[in-house]
Protein chains: 2
Amino acid sequence: MKQDKETAILKTAEEMVRQGGYNSFSFRSIASAVGIKSSSVHYHFATKEDLGVAVTKFYTDKFISALGSPKSLFENGKDPIVKYVSMFREALEEDKGMCMCGMLGAEADSLPESVVSEIRDFFRRNLLWLNEAYQVKGCNSSQAEAKALQAMAILEGAMIISNTHDDLAMFDLSTQLLVNS
Amino acid sequence: MKQDKETAILKTAEEMVRQGGYNSFSFRSIASAVGIKSSSVHYHFATKEDLGVAVTKFYTDKFISALGSPKSLFENGKDPIVKYVSMFREALEEDKGMCMCGMLGAEADSLPESVVSEIRDFFRRNLLWLNEAYQVKGCNSSQAEAKALQAMAILEGAMIISNTHDDLAMFDLSTQLLVNS
DNA sequence: GTCTATAATTTGATAGAC
DNA sequence: GTCTATCAAATTATAGAC
């Protein structure tokens, strides 16, 4: 696997944000984890805001890519919503903490506007995906839009509760309505 | 309204946590907002962990008290779930940011265990309330337990999404299944 | 690209006067 | 209870050598 320093920095930042939020990572802690000095992190990302924007884009692109298209999932006999739920579940299971944009969305009031803009882009793209998924499953456009938002809310909330209690069963019970329908 | 310094500190801390999380408040920022010096804040709460525990208890007690009992709400012709949803909505509307324990729950992996324990207590007491509410509305014990958890998840997630977009309509659409049933 | 060194600020926390 | 004064550590960020 290709692993240049820039990617290593982004991966480390992602992990730290998902466990403790925007204020829980520092240039030094990332540098230390990657095996370089903090000034070298600044070489790749001039300011914390720049790094915040970059890691949010990094996370969103990776997440959307891993999903595939709702239509092709459906055509292969897989329920795209079940797939979507399992993506969140795996993130919890691997002990990586919260959905990064759920975490940052909670902190939005205290974050730079450029970062908030990227968080919104995460939700916009994910809601589009879910909307398409519900239409593939037979919903009309207006039903699909509402269901997409409701699914997103359930998943973000389920992550919070499950993360707090370190209990995957709470995630499963919270999201069972999404999986059985 | 009685407003001793200790309460003023807790109120300020609550507001800051709800907007930016555990790492977004400092002894100095609280002191400045309350009109005292940081050493005086330390007089009331020796360590940040102590203050974190205290503000979480403060928030939970206030939240539960404001709810009233599901049974008496129901007997007065009010749907306890509708009341519960409106409590979260008002918090968003007054621009106070996230549910404090939703915020802290997201950050749980990086918080002192004593604080995490209080966050869990918030969820435990709220899930008990919701459980009772659904039983009052006619659910059996097992249905009520699942519905309580699902309602909590929807509300926490709806707050994240609505907070990110600064858009109450997204909260309303996310939670409409709770209100219409 | 990475390093050393350092600046300027903020942080949690303490000692001791009043 | 609140203050002044202070500390040690951590923070974001920059300058300049290699």
Side-chain angles (χ1 to χ4, degrees), chain A residues 1-56 58 103-104 107 109-116 118, chain B residues 1-58 103-104 107-116 118:
Chain A
M1 181 190 346
K2 185 177 170 241
Q3 254 284 40
D4 58 27
K5 286 281 154 65
E6 213 148 297
T7 308
I9 291 168
L10 290 170
K11 282 189 177 180
T12 303
E14 178 195 325
E15 195 176 336
M16 289 175 173
V17 170
R18 288 172 66 176
Q19 279 167 17
Y22 191 78
N23 294 310
S24 79
F25 75 92
S26 71
F27 281 82
R28 270 179 173 74
S29 61
I30 288 176
S32 160
V34 170
I36 54 180
K37 296 293 174 181
S38 70
S39 52
S40 301
V41 180
H42 276 287
Y43 169 80
H44 294 284
F45 305 97
T47 67
K48 183 158 184 176
E49 182 172 346
D50 289 338
L51 179 47
V53 168
V55 74
T56 310
F58 173 76
M103 174 73 82
L104 293 177
E107 298 175 330
D109 290 354
S110 72
L111 299 181
E113 183 54 36
S114 58
V115 176
V116 176
E118 292 303 326
Chain B
M1 183 192 340
K2 186 178 169 239
Q3 254 284 38
D4 59 26
K5 286 282 154 64
E6 214 148 295
T7 308
I9 291 167
L10 290 170
K11 283 189 175 181
T12 303
E14 178 195 325
E15 194 177 338
M16 288 174 173
V17 171
R18 288 173 65 175
Q19 280 168 16
Y22 190 79
N23 294 310
S24 78
F25 75 92
S26 70
F27 280 83
R28 272 180 174 75
S29 61
I30 289 176
S32 160
V34 171
I36 56 180
K37 295 294 173 180
S38 71
S39 53
S40 300
V41 179
H42 275 285
Y43 169 80
H44 294 284
F45 305 97
T47 68
K48 182 158 185 176
E49 182 173 347
D50 289 338
L51 179 47
V53 168
V55 74
T56 311
K57 280 184 178 162
F58 172 75
M103 174 74 81
L104 293 176
E107 299 175 329
D109 290 354
S110 72
L111 300 181
E113 184 53 37
S114 58
V115 176
V116 176
E118 292 302 326

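Labels below follow one simple rule: chain letters A, B, ... track the order of the sequence lines, proteins then strands, and each chain is numbered from 1. Atoms considered below: every heavy atom in the structure, side chains included; atoms not considered: hydrogens, waters and symmetry mates.
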Inset, instruction - Between dC3(D), dG1(D), dG1(C), spot the one nearest the side chain of Ser40(B), thanks. - result: dC3(D)

Legend entry - Distance test, side-chain N/O of Lys5(B) to OP1/OP2 of dT2(D), below 4.0 Å: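 So the side chain of Lys5(B) is within the cut-off, an N or O lying under 4.0 Å from OP1 or OP2 of dT2(D).
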
Legend entry - Below 4.0 Å: OP1/OP2 of dT2(C) and any side-chain N or O of Tyr43(A): no

Inset, instruction - Please state how far atom CD in Glu6(B) lies from atom C1' in dT2(D), giving the value in whole angstrom units. - result: 14 Å

Inset, instruction - Rounded off to whole Å, could you give me the CG-to-P distance for the Asn23(A) and dT11(C) pair? - result: 10 Å

Counting only pairs under 3.5 Å, give me each side-chain donor-acceptor contact of residues 43-56 of chain A, with atom names and distances, residues two or more places apart or in other chains.
from, atom 1, to, atom 2, distance (Å)
His44(A), ND1, Glu6(A), OE1, 2.8
Thr47(A), OG1, Glu49(A), N, 3.4
Thr47(A), OG1, Asp50(A), N, 3.1
Thr47(A), OG1, Asp50(A), OD2, 3.3
Lys48(A), NZ, Tyr22(A), O, 3.1
Lys48(A), NZ, Phe25(A), O, 2.9
Glu49(A), OE2, Ser114(A), OG, 2.5
Asp50(A), OD2, Thr47(A), N, 3.4
Thr56(A), OG1, Gly52(A), O, 2.7

Inset, instruction - State, to the nearest 10°, the angle formed by the axis through the first five base pairs of the helix from dG1(C)-dC18(D) to dC18(C)-dG1(D) and the axis through its last five. - result: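 End-to-end axis angle for the helix from dG1(C)-dC18(D) to dC18(C)-dG1(D): 0°, rounded to 10°.
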
Inset, instruction - Give every residue pair that meets the salt bridge (Lys or Arg N to Asp or Glu O under 4.0 Å) criterion with at least one member in residues 25-39 of chain A, sequence neighbours excluded. - result: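 Sorted result for residues 25-39 of chain A: empty, none.
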
Inset, instruction - Output every pair passing salt bridge (Lys or Arg N to Asp or Glu O under 4.0 Å) with a member in residues 13-22 of chain B, not counting sequence neighbours, ordered by first then second residue. - result: Glu14(B)-Arg18(B), Glu14(B)-Lys62(B)

Legend entry - Qualifying residues under side chain to side chain donor-acceptor pair (under 3.5 Å), relative to Ser26(A), sequence neighbours excluded: Ser29(A)

Legend entry - For Phe58(A), ring pair (Phe, Tyr, Trp, His ring centres under 6.0 Å) partners two or more places apart: none

Legend entry - Nearest non-hydrogen partners of Ser38(A) and Ala31(A), listed with the distance: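 For Ser38(A) versus Ala31(A), the nearest heavy atoms are N-CB, 3.4 Å.
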
Inset, instruction - Sugar-phosphate atoms are those with a prime plus P, OP1 and OP2; base atoms are the rest. Using that split, label each nucleotide of nucleotides 4-18 of chain D B, S or - for protein heavy atoms under 4.0 Å, 5' to 3'. - result: B-B----BBBB----

Inset, instruction - List the steps and the verdict of side chain to side chain contact (heavy atoms under 4.5 Å, CB included) for Thr7(A) and Leu10(A). - result: CA-CA 5 Å; Thr7(A) 308; Leu10(A) 290 170; 5.6 Å; no

Inset, instruction - Please identify each residue that fulfils side-chain contact (heavy atoms from CB on, under 4.5 Å) with Thr12(B), with sequence neighbours left out. - result: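 If we apply the side-chain contact (heavy atoms from CB on, under 4.5 Å) test to Thr12(B), skipping adjacent residues, the hits are Met16(B), Ile30(B), Ala33(B), Val34(B).
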
